[in-house]
Amino acid sequence: MTEVDKLTPPNFIRAIVRDDLKKNKNNGRVHTRFPPEPNGYLHVGHAKSICLNFGIAAENDGGLCNLRFDDTNPEKEDVEYTEAIMEDVHWLGFDWEDRLYYASDYFEQLYDYAVRLIKDGKAYVDSLGADEMREYRGTLTKPGRESPDRNRSIEDNLDLFARMRAGEFDEGRYVLRAKIDMASPNINMRDPVIYRIKKAHHHRTGDKWCIYPMYDYTHCISDALEGITHSICTLEFEDHRPLYDWCLDQLPVPCHPQQIEFARLNLNYTVMSKRKLNELVNEGHVSGWDDPRMPTITGMRRRGYTPAAVQDFCERIGVTKNDTVIDMSVLENSVREDLDKTTRRVMAVLRPLRVVINNYPENKTEELDAPYHPNRPEMGSRKVPFSRVIYIEQDDFMESPPKKFFRLSPGAEVRLRYAYFIRCEEMIKDKKTGAITELRCTYDPRTKGGNAPDGRKVKGTLHWVSANHALQTEVRLYDRLFRVPVPDSTAEWKSSINPESVKILKDACVEPDLARAQPEEHFQFERLGYFCVDRKDAVTGRPVFNRTVTLRDSWAKEGNKAK
RNA sequence: UGGGGGAUCGUCUAACGGUAGGACAGCGGACUCUGACUCCGCCAGUCCAGGUUCGAAUCCUGGUCCCCCAGCCA
């Protein structure tokens, strides 16, 4: 296996492309497109499609991938979304170069083709109302009936269609339909509407048009006009393929792309439909499309996921026609794997417990050397201040520890990472609540740097921050958005939102160097997880950290086993 | 009860008539100045029933189950 093969595991779409190339089907061309509708933000499911389309183009010599906005429904679409989508695709690491297109660019051509269909007797203007049309359409098991308008003369159709364009009619008065087969077992072929009247302002064409082409009619022709070879879409369009092919067969288009369908991505513990994501945003269950708990690309970015991690994830999950739900742990694995090798380690204490080292001089401060990455010395090191009063994590002390607890407890000795061994001598408790408010410890000066000259070992190593030098910051801990793996399956899906999907800690302490951390900079807080500086809320000198993902924690697992 | 798709370890995914392999998860161990990383090991699968064949996840027949479709949405 070559390196390239490892990076690009086989899938059935790649196989089709490879075979087409072998047969020289499109003169050796590979040209794909990513065709979002600008009516919402991109999510990780779109990322799968983006990676597939741009990936297939990139891995074939001369392969190209267009970005095309499928903007045929002005009522739902907006420039806000086109801009966000472009930013997300770029962030993910893909580039359409000069091939940015809009279906609305083709409105004139699409109109001309529609006229052509009418002239060929393959389309007609219908006056059936929406309800009537539904009734005429038939059902899944019963064939439809032909509209009384079906055999309107070509001249009348031409006249009516021109007047539809001219704005003479109200919305809903007429539609243009393809004349195919009202008895087709495939409902999409029962004379589908291809143009409707919408007196809506379009975000690009303004008020130029008051008739807008439908998806099925637009998409195939747009593909053909752009010279697309492989038109990759999701499974729900499989039934539409005969219509895709029908339209192209009727018209003198430059080429006939092949539509190939794959299964959309489902991830557990989240939702993926635009409608549901919209509801979460609009009803305030999350702070916005870029809330770090959202499966949107912008949300994942704010959470601290990296483009490399998302790409790796999309590669790992594969491409098939199977209905599947991917386990969140696969995504988290990709994130950890990328962050582990690229991220500097620093120390932060999320829930501080004050520790006074009795035998350490009052006014002394030492600068201890701490490498940024245990396995990558080339990443360098920084100095961390140490003094008499430090903070450790509340979780790292237990008054009566269970077996196999390697951390601090009365009389126990542990190592402070890159500093000294300390032993717990005394606990100070709040007189009223009994809560432990402070620990009194002693340190062994001979263990400076973290090793004992007498060779004695400690099982535990704790992270810490010097109290006088600490930078207090806000840290946000994110967890899965839903409590159940597949919220979509319940009628009341929003009732399974995880109330603990975010915890905001205001009193976290980080080492002073982090005052310089820049928005979107990633760190590993040792023993805790990967964090990144929030790109919205950070103020210079006072970063706010989002937890991207925890470290694997076999101690926590131990605890779960006991339950 | 029409049409279109799909069924392989717990979850994804390979194998295209010739040893059912990989990833994630789980479990166990080694290592460790992160209970991290890394490494090693284990667990575990061809929807069912027939048939063809020396040999079937793969081919044939018949079932079963799941998903999608009746927008002037995409």
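Per chain, numbering begins at 1; letters A, B, ... match sequence-line order.
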Taking CG from A/D327 and C1' from B/rU13, how many angstroms apart are they, rounded to a whole number? 14 Å

Quick check on B/rC72: is either OP1 or OP2 less than 4.0 Å from any side-chain nitrogen or oxygen of A/R137? yes

Is there a side-chain polar atom (N or O) of A/R552 under 4.0 Å from OP1 or OP2 of B/rA25? yes

Between B/rC48 and B/rU64, how many Å separate the two P atoms, rounded to a whole number? 15 Å

Where the side chain of A/R345 is defined as all heavy atoms beyond and including C-beta, which of B/rU34, B/rG35, B/rC73 is the nearest nucleotide? B/rU34

For a quick check, tell me whether the side chain of A/D323 and the base of B/rG6 share a donor-acceptor pair closer than 3.5 Å. no

Phosphate OP1/OP2 of B/rA36 contacted by A/S554 side-chain N/O (<4.0 Å): yes

Taking B/rA25, B/rU34, B/rC72 as options, the one with an atom nearest any side-chain atom of A/V193 is B/rC72

Pairwise C1' distance for B/rG45 and B/rC12, with rounding to whole Å: 13 Å

For A/E332 and B/rC24, what is the distance between atoms CD and P respectively, to the nearest whole Å? 14 Å

Minimum-distance nucleotide (side-chain atoms of A/M214 versus B/rC12, B/rG35, B/rC72): B/rC72

B/rU34, OP1 or OP2 - any side-chain N/O from A/R415 closer than 4.0 Å? no

Would you mind telling me which of A/V325, A/T324, A/I326 makes a side chain to side chain contact (heavy atoms under 4.5 Å, CB included) with A/L265? A/I326

Output the rounded distance in Å from CZ (A/F237) to P (B/rA74). 9 Å

Base of B/rG4, side chain of A/R241 - is there a donor-acceptor contact under 3.5 Å? no

Has A/R407 got a side-chain N or O lying under 4.0 Å from the OP1 or OP2 atom of B/rG35? no

Can you tell me if A/N322 touches the phosphate of B/rA7, counting only side-chain N or O atoms and a distance under 4.0 Å to OP1 or OP2? yes

Donor-acceptor pair between A/D338 and A/S334 side chains, under 3.5 angstrom: no

It should be established whether A/T320 places a side-chain nitrogen or oxygen under 4.0 Å from OP1 or OP2 of nucleotide B/rU13. yes

Any A/R134 side-chain nitrogen or oxygen under 4.0 Å from OP1 or OP2 of B/rG71: yes

I'd like to know whether CZ of A/R264 has more than 12 heavy-atom contacts from other residues, nucleotides or ligands below 6.0 angstrom. no

Candidate nucleotides B/rG35, B/rU34, B/rC68, ranked by approach to the side chain of A/F405 - the nearest: B/rG35

Quick one: classify the glycosidic conformation of B/rG28 as syn or anti, with syn meaning within 90° of 0. anti

Write down the distance between CD1 (A/I326) and C1' (B/rU13), rounded to a whole number of angstrom. 9 Å

Any strand, both distances under 3.5 Å, Watson-Crick or G-U wobble: B/rU38 pairs with B/rA30

When the C1' atoms of B/rU61 and B/rU52 are compared, how many Å lie between them, rounded to an integer? 11 Å

From B/rA14, B/rC24, B/rC73, pick the nucleotide closest to the side chain of A/N11? B/rA14

Determine the interatomic distance between P on B/rC67 and the same-named atom on B/rC72; round to the nearest Å. 25 Å

The nucleotide from B/rA74, B/rA36, B/rC69 with an atom nearest the side chain of A/L140 is B/rC69

Would you say the side-chain atoms of A/Y212 and A/E75 include a donor-acceptor pair closer than 3.5 Å? no

Is there side-chain contact between A/D444 and A/I422, with at least one heavy-atom pair below 4.5 Å? no

If pairing requires Watson-Crick or G-U wobble contacts with both distances under 3.5 Å, which nucleotide is the partner of B/rG2? B/rC69

Does A/K142 put a side-chain nitrogen or oxygen below 4.0 Å from OP1 or OP2 of B/rA70? no

Of the listed B/rU34, B/rC73, B/rC24, the closest approach to the A/S329 side chain comes from B/rC24

Rounded to whole Å, please give me the gap between CD in A/E315 and C1' in B/rC12. 14 Å

For A/H43 and A/P295, indicate whether the former's side chain and the latter's backbone hold a donor-acceptor pair under 3.5 Å. no

